[in-house]
Amino acid sequence: MDKTYQPQNIEQKHYERWEREGRFKPAGGEASFCIVIPPPNVTGTLHMGHAFQDTIMDTLTRYHRLRGDNTLWQHGTDHAGIATQMVVERQLNAEGLSKHDLGRDAFIERVWDWKASSGGRINGQLRRMGASVDWSRERFTMDDGLSAAVQDVFIQLFEEDLIYRGKRLVNWDPVLHTALSDLEVLSEDEQGSLWHFRYPIEGSDESVTVATTRPETMLGDTAVALHPDDERYQHLVGQHVRLPLVDRLIPVIADDYVDPDFGTGCVKITPAHDFNDYEMGQRHNLPMINVFTDDAAINDDMPEDYRGLDRFDARKKLLAEFETLGVLERTEPHSLKVPRGDRSGAVVEPYLTDQWYVKIAPLAEPAIAAVENGDIKFVPENWSKTYFDWMHNIQDWCISRQLWWGHRIPAWYDDNGNVYVGKTEQDVRSKHGIADAVALRQDDDVLDTWFSSALWPFSTLGWPEKTPQMSDFYPTSVLVTGFDIIFFWVARMIMFGLKFAGDVPFREVYIHGLIRDQDGQKMSKSKGNVLDPIDLIDGIDLEALVSKRTAGLMQPHLAPRIEKATRRQFPDGIPEFGTDALRFTFASLATTGRDIRFDLGRIEGYRNFCNKLWNASRFVLSTTEPLLSTTSHTIVDDSFAGRWIRSRFTHMTEQVQRQLARYRLDLAAQAIYEFTWHEYCDWYLELSKATLYDDDASSDAKLATMHTLAATLEGLLRVLHPFMPYITEEIWQRVAPVAGVSGTSICDTRWPVVATDSSVAEADHNMAWLQTFVLGIRQIRGEMDIAPGKRLDVLLVDATKDDRARYADNARLIEKLANLNSVTFVDGSDEEPPSATAMHGEMKICVPMAGLIDIDKEIDRLSKQLSKSETDLARTEGKLGNPSFVERAPEAVVATEKQRAEEHRQQIALLREQIQSLRDIDAA
RNA sequence: GGGCGAUUAGCUCAGGGGUAGAGCGCCACGUUGACAUCGUGGAGGUCGGUGGUUCGAAACCACCAUCGCCCACCA
């Protein structure tokens, strides 16, 4: 083995072999475990969020495989309608073409080409992450099977009147030319103005002043509204206003919706361009006048000199004109929520169009119940509240998109505007008896990407066919996802799963946090703070990193700033950390919070952890070779050290099990780290040396120690494997034979059986005694600046019978660990030489000074300990002196406290005595 | 306007009714036969504030402050 851990030498070969050997296919026993991957965009690339999420899923998947479950991690990709179409359109634009130049069919073909050429990228990256998805079952949302599922669902919903088509106000993206669902619209606070317009009352000198943030929509005003109880304007209700510019008469109406305290208390009403106005329009039967074109320019029904003007240009022109007309009373700064499309960033326009909707309330009801009654559990639980809030206020879902890339809506129209829904045109004709002579035209629109995503947990398993996978794996075990798509995806899967697959899609929803940069900023290209998981695995030099971060920016002027920040943060680029270190870092970061700051310091620490494991393994392999020629692997190691490390291993394994069951990968990882570094390496390996290098130790004892070394490491590798698949496989290949374990891959092994050794308590006691002893010596060394290499002569004063026995049993170990030259028992009555002292219960461990130690320094050191003990004693005595504590606290607590007080008193007495004797010597 | 989360060591974060924890960073010493990607020792916190519950609160409750996120129709 190499002296240092070199991840690049060990990762890919193992992955290739696992895949070749079909190790990711379900092959377990009775219990089944299944996760469906949140499908990444087919043409996308792996980002930190994926890498994090995939680590969680892979860890759970590999864990369940080791537990012997029939385990499936179902993989697939998403066609990602808008996102993918935008990318290809941008490519076309770069060639000076638009999608209309190609036409629909050619454009779609072009998108398929793009998928073919770039669609493998994310899969390659998933492999680098070690993701053990079942590649043989990979699906794509626009596969034939999945498309058929989409059609079936659409048709059934339509036939049950749960899908309808209607002309309504929708969120219109005037750049992408498509409708958006409410969820795809993000409202941000922006600085704008509140303009006050004076509208003249017809047949009167009076006027009414309205306030608006959208002046250009006044072209479509069909009323002015005020609050019914607003005394200022009562007399105006029922009168009419003559709309400036367009010269139209519109009524003044009263409606509760109006807030008399906002603006002037009078509102202009534009039912065709505002959701509230739309509703008010419905209530008052107001006409709806559409002002815009699909581009959100002024349409041809508007006054001539406005036609064709972009909405914002129209606004300027209109304001200028109003100014001259004296209609603009005043302008005040005003902050408002501006709705923008989440993809285009364009200001979304409420716009009247024909769209398809899912009537959602009937689907929502059972989906709410499923979480209420515990059929589905959110982890952490509080996310269910977010889910409920949204579900209780859910609006009908606009599912049609005016795009080309996606599942085309299976609806056909005749020339009379009748709509027929079916799988194919032929299907529709035969179902409805429509002659071939009657022209039918398919709906141009495609479905919202999330429509097919909503079917994902069952469409990927073969629904609507009754496949073995459906019966084996549905409902799936757990959905692992971020809170940002609870509404987009989780809720909709629950609704559709219950409706179509007859059961919840998953038993649990594990919601993880979002990965942010080290300053808590969201990672984004334009901020230039993106980290590519693959760069963390392979490393990247500074120049490559800089050019990667500054290439292809939407706002190229940001490049210098990004470059500067990158050079400052990564003066030497990013070193290679390897997949296992990255995965362990993610696991350790998987806490319950919302935001996760990705700190490079941690991945470095876990790379070091890999190195630690690597080198411990080198040690084990180099010392346990004799086991290979041993015929019996039923060696029993009954040394206390062996029992102790086995007990710690069991404890750790239990911890990991328990924490994984509650998705606390951070705590599971911590338990492994702690055991590996601070118990197995720091103590057990060192203890083992004392036996292995002891010429007097029996060969049985040596073999037993070797066996425990190897067996514990082999078990540790299994427990660690779900987190760090590569390094554990690499080491396991070498350690398994030594540990007497057969098999060709660690993937073949089973999770260690957690067995409790009856003599654990005694071993733990003995170890604690030994550790106190060794640590006492080390502390003296450390604080008194005695070189670690200096072998010490030690006196044990006032040792009890028990101390003597324990020392006798462990002399070799202690002498080795504390690096002692000699140990002499001394009775309290004997003369002690001046010494530095460590207290061990009633016993004093004395290191004679003999030129090694400065008396004053030792007095200081002991005084510090004394004062700490005194503080502690005072606190404990304070408690015990409180009658209500003694009366009311549990007996065990009081007993502990009493024992503690006794120990402190003993310590204090010993310390005082020791300090005094040093002072006497000093004075003499 | 509602809701949710966070506030613990210099930094990143765990924990949880019974004497404050880890990693990184820091200081000192160290090439001891796995590992300097290391070892040993050490310094460092009145757990955001104020009340309350309790024998006991950093932890539970209430309120407040600061930061962040989500939802919502004030033009």
Side-chain angles (χ1 to χ4, degrees), chain A residues 1 3-5 187 194 210-214 217 225 257-259 261-270 274-280 334 336-337 380 382-383 385-386 389-390 393 483-484 486-487 513-514 518 520 575 577 581 588-589 591-602 604-623 664 666-667 670 673-674 678 681-682 685-686 689 693 775 778-791 816 819 868 871-872 875-876 879 882-890 892-894 896-897 900:
Chain A
M1 285 173 85
K3 193 176 171 186
T4 51
Y5 160 67
S187 286
L194 192 58
V210 297
T212 181
T213 55
R214 300 283 321 268
T217 62
Y257 161 75
V258 180
D259 176 359
D261 297 327
F262 185 86
T264 60
C266 293
V267 199
K268 59 187 265 325
I269 301 299
T270 322
D274 181 281
F275 288 99
N276 295 309
D277 294 7
Y278 178 82
E279 290 196 356
M280 203 186 294
H334 182 67
L336 70 160
K337 297 276 189 196
N382 60 292
W383 288 110
K385 198 173 161 88
T386 305
D389 284 351
W390 190 67
N393 298 301
F483 56 80
D484 50 333
I486 290 179
F487 306 145
L514 260 34
Q518 67 286 342
F577 293 115
S588 303
L589 293 173
T591 61
T592 50
R594 291 169 170 241
D595 295 339
I596 294 164
R597 294 188 188 205
F598 191 86
D599 178 17
L600 222 56
R602 290 195 69 162
E604 191 180 338
Y606 294 124
R607 193 266 324 265
N608 295 353
F609 175 66
C610 290
N611 189 58
K612 188 76 179 173
L613 179 69
W614 183 260
N615 276 294
S617 303
R618 284 178 59 226
F619 168 75
V620 172
L621 288 167
S622 70
T623 52
R664 288 305 302 269
D666 59 325
L667 299 179
Q670 196 180 41
Y673 184 98
E674 170 71 22
H678 299 302
C681 291
D682 285 353
L685 251 54
E686 298 308 320
K689 289 174 186 174
Y693 299 152
L775 290 171
R778 284 184 187 163
Q779 193 176 33
I780 290 172
R781 260 186 212 282
E783 292 188 30
M784 305 311 285
D785 291 335
I786 302 171
K790 170 80 185 164
R791 297 185 67 202
K816 176 87 182 161
N819 196 22
K868 184 170 186 313
T871 311
D872 289 347
R875 179 167 32 196
T876 304
K879 274 191 180 184
N882 179 355
S884 44
F885 170 74
V886 182
E887 262 169 54
R888 304 206 191 184
V893 173
V894 177
T896 311
E897 217 59 39
R900 190 174 282 157

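Lettering of chains follows the sequences in order, A, B, ..., and the numbering in each one begins at 1. Below, each value reflects all heavy atoms present in this structure, side chains not excepted, and no hydrogens, waters or symmetry copies.
C26(B) and G45(B): their C1' atoms are spaced 15 Å apart (whole Å). Taking atom P on both nucleotides, G42(B) is separated from G23(B) by 13 Å, rounded to a whole Å. Atom P of A59(B) sits at a distance of 41 Å from the matching atom of A75(B), rounded to the whole Å. Spacing of P atoms, G5(B) relative to C74(B), comes out at 24 Å, to the nearest Å. Taking atom P on both U53(B) and A14(B), the two are 31 Å apart, rounded to the nearest angstrom. Straight-line distance between the C1' atoms of U50(B) and A57(B): roughly 14 Å, to the nearest whole Å. Taking atom P on both nucleotides, C69(B) is separated from G10(B) by 26 Å, rounded to a whole Å. Going from the P atom of C47(B) to that of C60(B) covers 15 Å, rounded to whole Å.
By the ring-ring contact (aromatic ring centres under 6.0 Å, His included) test, Phe619(A) pairs with no residue at all, sequence neighbours left out. Asp785(A) pairs by the salt bridge (Lys or Arg N to Asp or Glu O under 4.0 Å) definition with Lys857(A), not counting sequence neighbours.
The residue Arg618(A) sits close only to the backbone: its heavy atoms come under 4.0 Å of sugar-phosphate atoms, none of a base. Nucleic acid contact for Thr386(A): none, since no nucleic acid atom lies under 4.0 Å from a heavy atom of the residue.
A salt bridge between Lys385(A) and Asp389(A) is absent, with no side-chain N of the basic residue lying under 4.0 Å from a carboxylate O of the acidic one.
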Please tabulate, one pair per line, each protein N/O and nucleotide N/O from nucleotides 23-32 of chain B that are separated by under 3.5 Å, including the distance.
| unit_1 | atom_1 | unit_2 | atom_2 | d |
| --- | --- | --- | --- | --- |
| G23(B) | OP1 | His678(A) | NE2 | 3.3 |

Every protein N/O within reach of nucleotides 43-47 of chain B N/O, cut-off under 3.5 Å:
none

Collect all protein-nucleotide pairs involving nucleotides 14-18 of chain B in which both atoms are nitrogen or oxygen and the distance is under 3.5 Å.
| unit_1 | atom_1 | unit_2 | atom_2 | d |
| --- | --- | --- | --- | --- |
| A14(B) | OP1 | Thr591(A) | OG1 | 2.6 |
| A14(B) | O3' | Arg664(A) | NH2 | 3.2 |
| G15(B) | OP1 | Arg664(A) | NH1 | 2.6 |
| G15(B) | OP1 | Arg664(A) | NH2 | 2.9 |

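Among the duplex regions that RNA chain B forms, those built from at least three successive Watson-Crick or G-U pairs under 3.5 Å are B:1-7 with B:65-71, B:10-13 with B:21-24, B:26-30 with B:38-42, B:48-52 with B:60-64, ordered by first number.
A 4.5 Å side-chain heavy-atom check between Lys790(A) and Arg781(A) finds at least one atom pair inside the cut-off.
For the pair Leu685(A) CG and C38(B) C1', the computed distance is 13 Å after rounding to whole Å.
Residue Lys689(A) has a polar side-chain atom (N or O) positioned under 4.0 Å from OP1 or OP2 of A34(B).
Judged by distance alone, with hydrogens and angles left aside, Arg778(A) brings no side-chain donor or acceptor close enough to the base of U40(B) to form a pair under 3.5 Å.
Between the side-chain ring of Tyr693(A) and the base of G33(B), a stacking contact exists by the 5.5 Å and 30° definition.
Ring geometry for Tyr606(A) against Tyr673(A) counts as perpendicular: the plane angle is over 60°, on a 0 to 90° scale with 30° as the lower cut.
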